[in-house]
Structures are given as structure tokens and as C-alpha cells.
Amino acid sequence: QVRLVESGGGLVQPGGSLRLSCVVSGLSIKDYDMGWWRQSPEKERELVAASSSDNMTTYLYSVRGRFTMSRDNDNNSVYLQMNQLTPADTSKYFCNVRWTANWGPGTQVTVSS
């Protein structure tokens with residue numbers, strides 16, 4: 001059974017930083033593309049960052065230069081470093097094994113003063 005568990009969300013002031021983590025069990029992420037998504041009640045789910053199995057990373061235009069996705073295949077984990085956060089980044093963030101139905105429960109990020 002594949003399981004993903006995100007952590008690291010919370011409340012942060014505008015301009016602050018957070019680092020999200022996603023630990024995966026049940027498969028080896030080195031063989032898979034991985035993604036970080038976000039969804040808020042006002043918006044559709046959007047792909048924030050994606051990391052291919054050969055470690056190519058792409059980003060949503062609005063987070064480029066502020067967010068960095070990384071992966072640790074040895075620890076079967078992916079990360080999302082988020083800097084210069086703005087209220088527009090407020091959302092629930094989800095980790096996903098791309099092209100599969102395997103999702104974590106998400107972690108809430110709230111950017112507010």
C-alpha cells in the first residue's frame with residue numbers, strides 16, 4: 001500500500017518561509033515523477049512544482065524563484081522550500097506520485113499578518 005504523509009505547514013507572516021516534507025512508503029520514489037500541488041476553496045487544484053525521476057524540476061510561474069522542490073531518494077522523501085511567502089500562497093499543499101492516484105492528506109499553509 002502506497003502512503004504519503006506531508007508535514008511542515010503552518011501559519012507564517014508575509015515574507016516568511018516554510019519547508020514542507022513528504023515521506024513516501026510503499027514504493028521507491030526514485031522510479032517516479034513527484035509533484036507538489038495546492039488547492040484552496042477559491043481555486044482549482046494547481047501543480048506548484050514537479051520533479052521527474054531524472055531530477056528535472058519545473059515550477060508554477062507564480063512561485064518561480066521563491067519555491068524550490070527537492071527529493072531525497074535514499075529517504076524516499078520530497079521537499080518544498082517556500083520563501084518570500086505571500087497571502088496568495090495560502091492553500092492546502094499536497095504531495096503526489098505523479099500519474100497515479102497516490103496522494104497525501106495535505107498540510108495547510110496560511111500566510112497572514
Side-chain angles (χ1 to χ4, degrees):
Q1 181 181 1
V2 178
R3 186 168 181 240
L4 296 84
V5 180
E6 303 94 338
S7 62
L11 173 64
V12 63
Q13 291 188 341
S17 298
L18 284 173
R19 185 178 189 242
L20 306 184
S21 300
C22 174
V23 180
V24 183
S25 59
L27 59 76
S28 178
I29 68 166
K30 68 177 178 64
D31 298 322
Y32 291 87
D33 299 346
M34 298 294 297
W36 280 102
W37 300 71
R38 66 187 182 188
Q39 185 170 24
S40 62
E42 302 81 21
K43 295 182 181 179
E44 293 185 359
R45 186 173 292 187
E46 58 185 0
L47 180 62
V48 176
S51 169
S52 67
S53 57
D54 59 355
N55 215 24
M56 297 293 290
T57 309
T58 58
Y59 297 94
L60 181 69
Y61 181 80
S62 62
V63 308
R64 285 179 195 168
R66 301 188 298 121
F67 289 14
T68 303
M69 181 176 181
S70 60
R71 60 196 294 156
D72 182 346
N73 291 336
D74 291 338
N75 289 307
N76 232 32
S77 298
V78 293
Y79 307 95
L80 187 67
Q81 177 67 44
M82 306 186 296
N83 299 328
Q84 301 171 49
L85 285 160
T86 75
D89 297 314
T90 294
S91 193
K92 195 166 191 179
Y93 285 72
F94 299 86
C95 178
N96 159 249
V97 180
R98 296 210 66 200
W99 324 116
T100 76
N102 296 304
W103 294 82
T107 185
Q108 179 67 38
V109 171
T110 302
V111 185
S112 175
S113 54

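Below, all heavy atoms of this structure are taken into account, side chains as well, without hydrogens, waters or symmetry copies. The residues of the chain are indexed from 1 along the displayed sequence. This is a predicted model, so every value here is computed, not measured.
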Considering only distance and modelled atom types, tabulate donor-acceptor pairs under 3.5 Å from the side chains of residues 2-16, sequence neighbours left out.
unit_1: E6; atom_1: OE1; unit_2: G106; atom_2: N; d: 2.8
unit_1: E6; atom_1: OE2; unit_2: C95; atom_2: N; d: 2.7
unit_1: E6; atom_1: OE2; unit_2: G106; atom_2: N; d: 3.4

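The minimum heavy-atom distance between L18 and L85, with the atom names listed, is N-CD1, 3.8 Å. Closest approach of A50 and L47 over heavy atoms only: CB-CD2, 4.1 Å. Closest heavy-atom contact between Q81 and S17: NE2-CB, 4.0 Å.
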(request) Quick one: do V109 and R38 satisfy side-chain contact (heavy atoms from CB on, under 4.5 Å)? Show the steps, please. (result) CA-CA 9 Å; V109 171; R38 66 187 182 188; over 6 Å; no
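Hydrophobic cluster membership for W99: none, as no Ile, Leu, Val, Met, Phe, Trp or Tyr side chain comes under 4.5 Å of it. Through ILVMFWY side-chain contacts below 4.5 Å, V23 is grouped with nothing and stands alone. Grouping Ile, Leu, Val, Met, Phe, Trp and Tyr residues whose side-chain heavy atoms lie under 4.5 Å apart, directly or via other members, leaves Y61 alone, with no other cluster members. Grouping Ile, Leu, Val, Met, Phe, Trp and Tyr by side-chain contacts under 4.5 Å, direct or through others, leaves Y79 on its own.
Counted by atom type alone, N75 and S77 present zero donor-acceptor pairs between their side chains at under 3.5 Å.
Cluster membership check: V78 does not share its hydrophobic cluster with F94, using side-chain heavy-atom separations under 4.5 Å among Ile, Leu, Val, Met, Phe, Trp and Tyr.
Not a single side chain to side chain donor-acceptor pair (under 3.5 Å) links R98 to another residue, sequence neighbours left out. Not a single side chain to side chain donor-acceptor pair (under 3.5 Å) links T68 to another residue, sequence neighbours left out.
Residue pairs meeting the side-chain hydrogen bond (donor to acceptor under 3.5 Å, both in side chains) criterion with at least one member in residues 50-60, sequence neighbours excluded, are S51-R71, S52-D54. The salt bridge (charged side-chain N to carboxylate O under 4.0 Å, His left out) analysis of residues 9-34, with sequence neighbours excluded, yields no pairs. Screening residues 56-70 for salt bridge (charged side-chain N to carboxylate O under 4.0 Å, His left out), with sequence neighbours left out, gives R66-D89. Counting only residues at least two apart or in different chains, disulfide bond (SG atoms under 2.5 Å apart) contacts with residues 46-93 are absent. Residue pairs meeting the ring-ring contact (aromatic ring centres under 6.0 Å, His included) criterion with at least one member in residues 12-37, sequence neighbours excluded: W37-W103.
Judged purely by atom type and a 3.5 angstrom limit, T90 uses its side chain to pair as donor or acceptor with the backbone of V111.
Remark: E46 CD to Q39 CD distance equals 9.5 Å, nearest 0.5 Å.
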